[in-house]
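A short write-up of the structure that comes next.
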Amino acid sequence: MMRVELTPREIVRELDRYIIGQDEAKRQVAIALRNRYRRSRVDEKLREEIYPKNILMIGPTGVGKTEIARRLAKLVNAPFVKVEATKFTEVGYVGRDVEGIIRDLTENAVRMVQQEHEERVRARAEVLAEDRLVTLLASPQPRQAANPIDLLLRGRQPAEEPSEEEKQRLSGRRGELLSQLREGLLEDRELEIEVEESAPQLEVGGASINIGDMMGGMMPKKTKMRRVKVREARKILHDEEARKLIDMDAVKEEAVARAEQHGIVFIDEIDKIAGRSSLSSGPDVSREGVQRDILPIVEGSVVNTKYGSVRTDFMLFIAAGAFHVAKVSDLIPELQGRFPVQVALKSLSRDDFVRILSQPDNALTLQYQALLAADKVRLTFAPEALEQIAQAACNLNDAGENIGARRLHAVFEELLEDISFNAGGEEMPEVALHITAQYVLDHVKAAKAADLRKHIL
């Protein structure tokens, strides 16, 4: 988990590990992130007057807009939600209510805080889960809650309390089982455990709602018996014990505060809800309606969630769009004013593609090397091969729709299709394969595409 107190320079350095170029956008989001820490150090009276400076990123698809926002949230372990503006339509039309954005963010915050609290009680939960496991293993027959009258009708007597001798024998058995359990000798033994049944889900406006949550816990929890192996039972019992040890009211309170003060909302494709003209009608009316619905949560409002009221005043909103057809000025003025920091991202060049293939910690070359290593294929790439792959991606973007770095995925799939198909199998020996520039030319059609621009008169 990263420190919240990262300086802007450190934030940019971390973003550089995964995102190539776009230095201006990185600087702006780094400053916005640092300002949240600075605000937390300000006197409380003045702190309420300092609002985040929301950011609008403008640039073509595949240049890193979404990745910047996603990595930013991970750096500070902040609640984060990504939505596409096209999924939300004006209230009254078919679609999801825009307040669902904040409900999703709060849900993510609760999940995040709950995991942190469970981590604190992990050791205690492991001990309790182990004790329950030993009890289940010592008494392999599941305890059926049978009616005593039914037992008598079947000619059986209700179970009696175990004698002292049986208790001592059971105690010795528990000690033996505990020793075997800790040595890992019982991992594949099967047993029956009682688990809670998940409540049915109700689809409302494209969102799933838990009926148990709707009823406020009035409905009793249903359980069922599951037959599982010890290794799986240990995890199930550990999760149950961890949930018992934490205070969910404290979790919800902390989660709401974290969502309000540190939540990050990324609204993608915001250009798709920009009207073409103020005099237009039809679809543009709906687009403007979506903007006016989004406006209150960006300006600052209170949204009711199942965890209580959540204020959006101090959440950081980052919007992004290509703005190929529409312009930023086509957004309603009020919404433009709520995104005062506007930064343009540049299209990626061939050299950028080469750097994307070789420098980031999650480079595609590293991903495919790891994938094929599972089938005993040791893959390496010559520097010239990476240049040819980059050129192929550029050729495809020039010939068709420019989808930025996402084009590299298509090139890699074509390049490694034969290798991926033939690799695998127990009898397959370990293979070392070095990808050269010639191999790329032979297997990727776009790599040898001619540049027709020089032939244009």
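All values derive from a computational prediction rather than experimental measurement. One is the number of the first residue; the rest follow in order along the sequence.
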| said: Let's go through Gln115 and Arg111 carefully: what are the C-alpha distance in whole Å and the side-chain angles of both, what is the deciding distance for side chain to side chain contact (heavy atoms under 4.5 Å, CB included) to 0.1 Å, and is it a yes or a no? | reply: CA-CA 6 Å; Gln115 288 175 353; Arg111 193 179 303 114; 4.1 Å; yes

| said: Within a 6.0 Å radius of atom CD on Glu334, are there more than 12 heavy atoms belonging to other residues, nucleotides or ligands? | reply: yes

| said: Check Glu126 with Arg234, please: is the shortest side-chain N to carboxylate O separation under 4.0 Å? | reply: no

| request: Could you please spell out the steps behind the side chain to side chain contact (heavy atoms under 4.5 Å, CB included) verdict for Phe80 and Asn108? | output: CA-CA 7 Å; Phe80 174 78; Asn108 291 344; 6.0 Å; no

| Do Lys252 and Met248 have side chains that get closer than 4.5 Å, going by heavy atoms? | yes

| Heavy-atom pair with the smallest gap, counting every atom of Ile19 and Arg71 | CD1-CG, 4.3 Å

| With no hydrogens and no angle check, is any side-chain donor or acceptor of Arg287 less than 3.5 Å from a backbone partner on Lys272? | yes

| Over-ring placement of Arg39 relative to Phe314, 6.0 Å and 45° cut-offs | yes

| For Ile273 and Ala85, which heavy atoms make the closest approach, and how far apart are they? | CG2-O, 3.9 Å

| query | Could you give the distance from CG (Asn54) to CZ (Arg338), rounded to the nearest 0.5 Å? | reply | 6.5 Å

| task | Please answer whether the main-chain N or O of Tyr51 pairs with a side-chain N or O of Lys53 as donor and acceptor at a distance below 3.5 Å. | result | yes

| task | Taking only Lys NZ, Arg NE, NH1 and NH2, and the carboxylate oxygens of Asp or Glu, determine whether Arg311 and Asp313 approach each other closer than 4.0 Å. | result | yes

| request: Evaluate the criterion side chain to side chain contact (heavy atoms under 4.5 Å, CB included) for residue pair Glu241 and Arg124; output intermediate values, then yes/no. | output: CA-CA 9 Å; Glu241 294 300 329; Arg124 177 64 178 158; over 6 Å; no

| More than 12 foreign heavy atoms under 6.0 Å from CZ of Arg70: is that the case here? | yes

| query | Does the pair Arg122 and Glu119 meet the rule for a salt bridge (Lys or Arg N to Asp or Glu O under 4.0 Å), with working shown? | reply | CA-CA 5 Å; Arg122 173 184 290 275; Glu119 189 64 31; 3.1 Å; yes

| query | Distance from Met57 atom CE to Asp268 atom CG, nearest 0.5 Å? | reply | 8.5 Å

| request: Answer yes or no: is there a side-chain heavy-atom contact under 4.5 Å between Val431 and Ile419? | output: no

| note | Shortest non-hydrogen pair, Val29 vs Ile68, comes out as CG2-CG2, 3.8 Å

| query | Is it true that the side chains of Glu413 and Tyr368 contain a donor and an acceptor less than 3.5 Å apart? | reply | yes

| request: Check the surroundings of atom CD in Glu401: do more than 12 heavy atoms from other residues, nucleotides or ligands lie under 6.0 Å from it? | output: no

| field | Rounded distance [0.5 Å steps], CD in Glu187 versus NZ in Lys229 | value | 10.5 Å

| remark: Closest heavy-atom pair, Thr312 versus Pro296, reported as atoms and distance to 0.1 Å, is OG1-O, 4.2 Å

| message | Is any side-chain heavy atom of Leu331 closer than 4.5 Å to one of Phe323? | response | yes

| Exceeds 12 heavy-atom contacts within 6.0 angstrom, atom CZ of Arg9 | no

| field | Closest heavy-atom pair and its distance - Leu386, Ser358 | value | CD1-CB, 4.1 Å

| Does some side-chain heavy atom of Ile11 sit less than 4.5 Å from a side-chain heavy atom of Leu72? | yes

| task | Please tell me if the side chains of Val230 and Leu181 come closer than 4.5 Å, counting only heavy atoms from C-beta onward. | result | yes

| field | Check: Val290 and Lys87 side chains under 4.5 Å, non-hydrogen atoms | value | no

| How about Lys346: does its NZ atom have over 12 heavy atoms from other parts shown lying under 6.0 Å from it? | no

| message | Surrounding CD of Glu253 (heavy atoms of other residues, nucleotides or ligands, distance under 6.0 Å), is the total greater than 12? | response | no

| Interatomic distance, Ile297 atom CD1 to Glu99 atom CD [nearest 0.5 angstrom] | 8.0 Å

| Pick one: which of Glu260, Glu254, His262, Gln261 meets side-chain hydrogen bond (donor to acceptor under 3.5 Å, both in side chains) with Arg258? | Glu254

| said: Quick test of your reading of the model: are Arg27 and Glu24 salt-bridged, counting only N-O distances below 4.0 Å? | reply: no

| query | Hey, what do you get for CD1 (Ile267) to CG (Leu335), rounding to the nearest 0.5 Å? | reply | 7.5 Å

| said: With a 4.5 Å cut-off on side-chain heavy atoms, are Leu15 and Leu75 touching? | reply: yes

| task | For Lys65 and Ala319, indicate whether the former's side chain and the latter's backbone hold a donor-acceptor pair under 3.5 Å. | result | no

| said: Between Arg17 and Glu14, does any side-chain N to carboxylate O distance fall below 4.0 Å? | reply: yes

| Lys244 NZ: over 12 foreign heavy atoms closer than 6.0 Å | yes

| field | Electrostatic pair Arg243:Asp239 at N-O distance under 4.0 angstrom | value | no

| message | side chain to side chain contact (heavy atoms under 4.5 Å, CB included) for Asp352 and Val63? Distances and angles first, verdict last. | response | CA-CA 10 Å; Asp352 289 330; Val63 297; over 6 Å; no

| query | Does one side chain, of Glu118 or Gln114, offer a donor that lies under 3.5 Å from an acceptor on the other? | reply | yes

| request: Please confirm whether the backbone N or O of Leu56 pairs with a side-chain atom of Gln342, one donor and one acceptor, at under 3.5 Å? | output: no

| message | Salt bridge check, Arg182 against Glu130: does any charged N sit closer than 4.0 Å to a carboxylate O? | response | yes

| query | Distance from Leu237 atom CG to Arg132 atom CZ, nearest 0.5 Å? | reply | 4.5 Å

| Of all heavy-atom pairs between Ala78 and Ile264, which one has the smallest distance, and what is that distance? | CB-CD1, 4.4 Å

| request: Answer yes or no: is there a side-chain heavy-atom contact under 4.5 Å between Phe412 and Thr365? | output: yes

| task | Would you indicate whether Arg378, at its atom CZ, is surrounded by more than 12 heavy atoms from other residues, nucleotides or ligands within a distance under 6.0 Å? | result | no

